[in-house]
Number of protein chains: 2
Amino acid sequence: MLVEEIQTALLNEHSEAIYRMIREHHPADIALALEELEDEEVFKFVSFISDKALALILETQISEELQVKIVEAVPFARMLNVFTYMSQDDIVDILGNLSIWQRKQFLNMMKNRDSDDLEKLLAYDPDTAGGLMTTEFIALNENLTVYEAFETIRKIAPEKEVIETLFVVDAKTLLKGTVDIRDIFTKSDQQKLSEILNPNVISVTPTTDQEEVSLIVTKYNLSVVPVVNNKNRILGIITNDDIIHVINEEYTEDMYLMGGVDSEETLDSPVFESVKRRLPWLVINLFTAFLASSVINLFSDTISQMVALAAAMPIVAGMGGNAGTQTVTIVVRALALGEVDWGDWRGMLKEIGAGFANGLITGGVAAIALMLMYGNVYLGVVIILAMIVDMVIAGIFGYFIPLAVKKFRGDPALVSTVFLTTATDVGGFFSFLGLATLFMPLLV
Amino acid sequence: MLVEEIQTALLNEHSEAIYRMIREHHPADIALALEELEDEEVFKFVSFISDKALALILETQISEELQVKIVEAVPFARMLNVFTYMSQDDIVDILGNLSIWQRKQFLNMMKNRDSDDLEKLLAYDPDTAGGLMTTEFIALNENLTVYEAFETIRKIAPEKEVIETLFVVDAKTLLKGTVDIRDIFTKSDQQKLSEILNPNVISVTPTTDQEEVSLIVTKYNLSVVPVVNNKNRILGIITNDDIIHVINEEYTEDMYLMGGVDSEETLDSPVFESVKRRLPWLVINLFTAFLASSVINLFSDTISQMVALAAAMPIVAGMGGNAGTQTVTIVVRALALGEVDWGDWRGMLKEIGAGFANGLITGGVAAIALMLMYGNVYLGVVIILAMIVDMVIAGIFGYFIPLAVKKFRGDPALVSTVFLTTATDVGGFFSFLGLATLFMPLLV
């Protein structure tokens with residue numbers, strides 16, 4: 001195991017072994033190993049390695065805490081040198097996680113041009129296109145020839161993050177189109193960029209939400225998206241690897257919210273942390289459970305006349321909850337993919353239809369089972385009707401709740417299942433026990 | 001709306017309007033509009049547009065059904081010409097969806113070299129690295145100089161999908177390393193590729209599962225992954241845009257399975273389709289609901305003595321289900337990200353601890369509420385004990401079930417929640433009603 005190898009090398013101050021590990025392992029694997037070490041071990045390790053190696057490690061998906069810890073422990077002067085090996089959007093991410101005081105220190109000590117760019121980028125919300133973008137793109141004037149473009153790229157390519165797409169601008173630096181790097185190889189040297197550029201560029205603005213950016217990238221199969229201001233001046237670019245991280249992040253968030261978990265929690269979180277993060281959801285659930293329970297209380301007379309009702313009623317509520325979760329899942333996913341909008345009522349009609357059909361079939365099976373178990377036909381009639389009612393309720397609420405949450409600018413994955421199970425529990429208990437009360441003379 | 005514009009243009013056979021739309025809209029938007037049209041309208045539209053425009057439309061995320069319909073309706077000879085504008089992995093996807101007979105027809109009519117490559121790719125499972133890859137990469141011999149590499153790229157670049165990463169091979173075509181296209185611009189003309197190549201290349205084999213490929217791409221921040229055989233001969237490459245689609249696909253699948261929905265269903269599926277796909281899950285849930293209900297039946301004597309128990313028992317079972325869903329969500333996501341493995345028992349101990357703490361706190365709140373509602377201290381004692389027991393059960397099963405499903409080569413997102421709620425319902429009803437039976441002399 002890499003972790004143990006590092007620990008042994010550090011214990012023996014065996015620098016040669018550490019250099020070998022850096023050479024032989026990918027920075028992402030080194031970073032994962034560092035996550036397992038004690039703070040002092042990490043700092044010692046960092047002091048052994050080169051600035052470039054440290055830069056590569058900081059650019060991986062290392063945890064925010066560890067990143068900040070390392071940056072705070074390394075001397076300012078060294079860190080400035082480490083930054084020279086890092087891409088600008090990664091530096092922005094790190095600076096964004098530091099205290100304002102530390103961030104200022106870094107910006108003051110950098111070259112003017114660099115710190116100006118960084119400061120502008122730091123001003124954007126990290127969850128928007130502005131927060132994701134880097135200014136290290138290649139912009140070429142439309143009047144350059146292919147040959148001149150080649151010579152320019154030769155000079156500036158090493159500092160730029162993406163070179164396969166070249167952005168072509170006019171004298172006012174407004175974006176006119178893109179040129180693929182392969183055109184620089186294959187078109188004739190004397191052609192002007194303005195003649196070979198592709199004018200249909202799909203772009204976003206700095207305030208576009210990162211989820212929207214990832215939808216656009218997915219839909220149009222883009223490998224890089226330019227970020228432009230309202231005058232179509234190019235401000236920066238967003239690269240595909242950043243989009244992959246956004247998609248992973250948004251997915252984890254959606255799934256966690258649907259499951260009632262805080263998106264910061266991982267499997268490694270300590271017990272106290274887990275309890276702190278999960279408890280709020282459970283307390284909300286507890287209140288809604290009491291709401292459902294109070295519906296049962298309303299019908300205590302009915303239940304006292306026939307205890308079998310107590311056994312059967314969770315079946316109705318549970319099945320309604322399951323059917324509603326199916327609807328919520330479909331709608332939440334469709335919302336995340338931008339495929340459904342508020343006011344699209346046809347979808348709800350379909351969900352009502354599906355609820356009715358599924359309620360009829362599963363209710364029929366349940367009715368037969370109850371009739372056989374208790375030898376009472378009317379109990380079967382009550383459960384089939386109640387299940388149809390509750391599954392129709394499930395269809396309506398399962399469709400409506402995520403749309404409503406989105407309408408009020410919430411995340412539809414959040415609270416949708418909480419509201420839903422409240423609706424299906426209340427609906428299930430009420431319809432089943434209510435119908436049982438009506439049919440009581442026939443039931444006992 | 002583009003859909004109506006297309007319909008009007010088709011009705012009036014207004015070819016000029018159709019050319020304009022093709023010029024002014026992105027193929028992905030055209031494709032979305034086509035999804036809304038009747039089949040005959042689609043075929044008419046396709047007959048109006050150029051082969052290149054059709055190729056661009058077929059390369060977007062158009063639905064499989066529509067893609068196959070178009071390919072079947074277009075004459076063979078035209079389709080072969082359309083293919084010349086498409087990238088190889090997209091052609092493979094299309095051919096893979098056709099009948100064996102049609103696929104053979106196409107392969108027979110193609111140039112020998114093309115059809116050989118395609119036939120090899122078609123042999124791979126579409127969900128593996130082999131199924132995702134394209135053979136349109138640039139491989140250069142290690143003995144070439146930078147200048148010679150430049151001249152070679154000049155000739156072959158237009159047919160290759162990725163040119164920012166050049167793969168360097170030896171005389172036996174074994175992969176030696178990669179060279180970044182910017183090195184071709186910035187290194188001196190006479191240097192050999194063997195001197196400037198990066199030998200640490202992360203690669204996959206053709207049988208690597210697509211989920212595994214997307215994890216590797218995410219972890220190592222790759223923009224392209226080479227696919228090699230066991231001798232390290234490069235067979236193909238996988239591009240970043242394909243990875244984005246894999247991640248989207250795998251994630252939708254996980255979320256759907258957790259929500260009890262078939263991954264083929266969308267919001268647009270007709271009612272009959274929805275019912276057919278959801279009913280199997282609901283029937284399974286119905287059987288497990290009866291299992292839980294039969295536990296309640298065991299205690300019908302207890303309930304008949306105190307109807308308040310009927311109202312309180314769904315609180316215990318529901319809270320256990322919610323707590324267990326939280327655990328399942330964390331574990332399923334960790335499994336998808338490759339962060340947890342079978343036999344990692346520390347995690348389960350943590351979940352037991354979290355279950356105990358959350359049960360104690362929410363059970364305490366519930367106990368106070370019940371004591372106030374019914375004026376009975378012992379009812380409070382019963383519910384707090386029952387909630388602790390059920391939430392510990394939730395922690396154990398919520399952790400164990402996804403790992404067990406994975407162990408038996410199932411998808412952990414599948415059936416985990418069904419098994420879980422069965423466990424927490426049975427556990428909740430049994431512990432609450434069982435404790436109530438023990439405490440009965442004090443309760444009534």
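Residue numbers begin at 1 in each chain, while the letters A, B, ... track the order of the sequences.
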Heavy-atom pairs under 4.5 Å with chain A, option from V331(B), N200(B), L370(B), V271(B) with the top count: V271(B)
Contact class of N297(B) relative to chain A, heavy atoms under 4.5 angstrom: both
Charged N-O contact under 4.0 Å between E273(B) and R277(B): yes
Contact origin within K187(B) toward chain A - heavy atom pairs under 4.5 Å: backbone
Straight-line distance of I244(B) CD1 to N240(A) CG, nearest 0.5 Å: 4.0 Å
Region of S300(A) in contact with chain B, defined by heavy-atom distances below 4.5 Å: both
Residues R333(A), D254(A): salt bridge by 4.0 Å N-O rule: no
Pick from N248(B), I181(B), T218(B) with the largest number of heavy-atom pairs that fall under 4.5 Å of chain A: N248(B)
Closest contact, heavy atoms only, V307(A) versus S304(B): CG2-CB, 3.6 Å
CD on E59(A) to CD on Q61(A), rounded to 0.5 Å: 10.5 Å
Under 4.5 Å from any heavy atom of chain A - which part of F299(B): neither
Side chain / backbone / both / neither for I243(B) at chain A, heavy atoms under 4.5 Å: side chain
Side chain, backbone, both or neither of F150(B) within contact of chain A (heavy atoms, under 4.5 Å): both
Part of A354(B) lying under 4.5 Å from any heavy atom of chain A: both
Most contacts with chain B, counted as non-hydrogen pairs under 4.5 angstrom, among A289(A), S274(A), S293(A), A31(A): S293(A)
Residues F185(A), F185(B); criterion ring-ring contact (aromatic ring centres under 6.0 Å, His included); working and verdict: CA-CA 11 Å; F185(A) 286 93; F185(B) 287 94; 5.6 Å; yes
Toward chain A, the part of D183(B) with a non-hydrogen atom under 4.5 Å: neither
Side chain / backbone / both / neither for V332(B) at chain A, heavy atoms under 4.5 Å: side chain
Check: M258(A) and T325(B) side chains under 4.5 Å, non-hydrogen atoms: no
Contacting region of T421(B) [heavy-atom separation from chain A under 4.5 Å]: neither
Side chain proximity check, P270(B) to K350(A), heavy atoms < 4.5 angstrom: no
Residues in salt bridge (Lys or Arg N to Asp or Glu O under 4.0 Å) contact with R182(A), at least two apart in sequence or another chain: D180(A)
L282(B) versus chain A, the contacting section by heavy-atom distance below 4.5 Å: both
Contacting region of L32(B) [heavy-atom separation from chain A under 4.5 Å]: side chain
Contact origin within M306(A) toward chain B - heavy atom pairs under 4.5 Å: neither
Contact origin within Y374(B) toward chain A - heavy atom pairs under 4.5 Å: side chain
Any side-chain heavy-atom pair of L433(B) and V295(B) under 4.5 Å: no
Choice from M391(B), H245(B), E164(B), R23(B) maximising heavy atom contacts with chain A below 4.5 Å: E164(B)
Interface residue of largest heavy-atom contact number with chain A, from R278(B), R154(B), M319(B), under 4.5 Å: R278(B)
Contact origin within I352(A) toward chain B - heavy atom pairs under 4.5 Å: neither
Chain A contact via V418(B) - side chain, backbone, both or neither, heavy atoms under 4.5 Å: neither
Chain A contact via Q326(B) - which portion, at a heavy-atom distance below 4.5 Å: both
Rounded distance [0.5 Å steps], OG1 in T288(A) versus CG in D425(A): 7.5 Å
Which portion of T327(A) sits near chain B, non-hydrogen atoms under 4.5 angstrom: both
Atom pair CZ/CG of F429(A) and L309(A) - distance to nearest 0.5 Å: 12.5 Å
Any side-chain heavy-atom pair of I138(A) and I163(A) under 4.5 Å: yes
L279(A) portion near chain B, given a 4.5 angstrom heavy-atom threshold: both
P27(A), part contacting chain B, at a heavy-atom distance under 4.5 Å: neither
Best-contacting candidate, M387(B), E24(B), H26(B), against chain A by heavy atom pairs under 4.5 angstrom: H26(B)
Which atoms of E351(A) approach chain B - backbone, side chain, both or neither, heavy atom under 4.5 Å: side chain
Nearest-0.5 Å distance, CG of residue L335(A) to CD1 of residue I330(A): 12.0 Å
Nearest-0.5 Å distance that lies between atom CG in D241(B) and atom OG in S87(B): 8.0 Å
